[in-house]
Amino acid sequence: MSIQDQKTKLNIGLFGFGVVGEGLYKVLEQTPTLNAQIKKVCIKHPEKTRNAPHELFTTDASLLLNDNSINVIVELIDDADAAYHIVTNALMHGKAVVSANKKMIAEHIEELIALQIEYNVPFLYEAACCASIPVIRNLEEYYDNDLLQGISGIVNGSTNYILTKIFEEKISFEKALLQAQEAGFAESNPALDIEGTDAVNKLSILLTHAYGIITPPLALVHTGINTLHEADAVFAKEKGYEIKLVAQAHKLKNGKIAAFVAPQFVNDSSQLSTVKNEYNGVIIESSLADKQFFYGKGAGGFPTASAVLSDLSALRYNYRYEYKKLKYQIPSALNSDFYLKVCFSFKSLTQVPHKRFSRILEWSSNETRCHITGIIHFSELANSNWWKQPGISFILYPDSIIDDFELTTLKNQSVYLSEEVFA
Ligand code: HSE
């Protein structure tokens, strides 16, 4: 019997019983109208104490994948390689699948799309981007035309939590990270959060649904908050800014897409400044409607489980991602031919590769740190790693993209720096 028949029970085989898995288990108990039950849970560590009946658990994945009465697999583990095997196997077994594994989805999206078509099964993953915010379905269903000018958002809850604590409570980076880990916001390997990898995985999924672009996530220019220096927070505050980790994609004048993840100065006039702690926020810009803002919890058990629950109900009416921008439109392409207004901070002026700037607009230096604001061509970042070296931090200015750059435009504002300054 099909799962679209409301009388058919959704028999769920759940992989993972961490913060989100347990959250889903509790939420399902309170959602009788969905007519769904978790039949079996596959876990890695049977020795851990769990808040659910012992007989629910197994360590044998095949018990779930080969059980014909299980019609939905929900994959909520944090090991992306294991998740790939579970999800691809489940799809090949003709089971509907719901997943929250952004790394796995971002790395294998092309194959996962092909499997959905080949085996005619739904694969939903709203929880993979911004947890409780239904941004994927909105990009798929509502912004299904070529008016979408851009998306920019805070898509990682842990780094936003850390930055909020640093800016508002003056807590140290290390302490704030520990709190984010204790609250269950951070990845098991928090380097994924703080180095910007989690955010770029999410950005690459958003690019597929927003613009039909399929790209290896790590090929996108990205950096995190781990390279920021205390002096950067002071510098930002002096200028009336906070710093947020922002993932963004914007349509350039040539119709192609600029996409990257980096820390960015944000002032009060941006809705992103209202996004605190583990919350996420996404600004969607369209040529006719101007800016729209989506806001909600971006990490944590219940917010993530709420998106999984919504995917489970969507299976009832046979909802599938159509990948409309890939199927019905000519997919957009990424492009590196634009400039960015950036601030670099360094230990000393001698570290500054000033020749890489097209314009230097401002610089300051004290005993701890030197800050340089300038205009740089994006290819300087895309084609080299010098800016990711220890001791260098990189922060974008608001509306940092300078498209169709006229070399003369900023000439009058630029600061002349003699070679001796850098000697
Ligand atoms: N570690 C992720 C975050 C979890 O902090 O956003 C939600 O994807």
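As the structure lists them, so they are numbered: ligands from 1, and atoms in each ligand from 1. Reckoned from all heavy atoms, side chains included, excluding hydrogens, waters and symmetry mates.
Salt-bridge annotation for Asp67 and Lys39: present, with a side-chain N of the basic residue lying under 4.0 Å from a carboxylate O of the acidic one.
Judged purely by distance below 3.5 Å, without hydrogens or angles, the side chains of Gln4 and Ser2 pair a donor atom with an acceptor atom.
Side chain of Ser99 to main chain of Tyr125: no donor-acceptor pair is present (N/O by atom type, distance under 3.5 Å, no hydrogens or angles).
Between Phe394 and Phe344, the angle of the ring planes lies from 30° to 60°, which puts this pair in the tilted group. Note: His371 and Phe235 have parallel aromatic rings, judged against thresholds of 30 and 60 degrees for the angle between ring planes.
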Does ligand 1 have any N/O pairs with the protein under 3.5 Å, and how far apart?
residue  : atom  : partner : partner atom : Å
ligand 1 : 1 (N) : Phe185  : O            : 2.8
ligand 1 : 1 (N) : Glu187  : OE2          : 2.6
ligand 1 : 1 (N) : Asp193  : OD1          : 2.8
ligand 1 : 5 (O) : Gly157  : N            : 3.3
ligand 1 : 5 (O) : Ser158  : N            : 2.8
ligand 1 : 5 (O) : Ser158  : OG           : 2.6
ligand 1 : 5 (O) : Phe185  : O            : 3.1
ligand 1 : 6 (O) : Gly157  : N            : 2.7
ligand 1 : 6 (O) : Lys202  : NZ           : 3.1
ligand 1 : 8 (O) : Lys102  : NZ           : 2.6
ligand 1 : 8 (O) : Lys202  : NZ           : 2.8

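Here His85 and Phe15 keep their ring centres 6.0 angstrom or further from each other.
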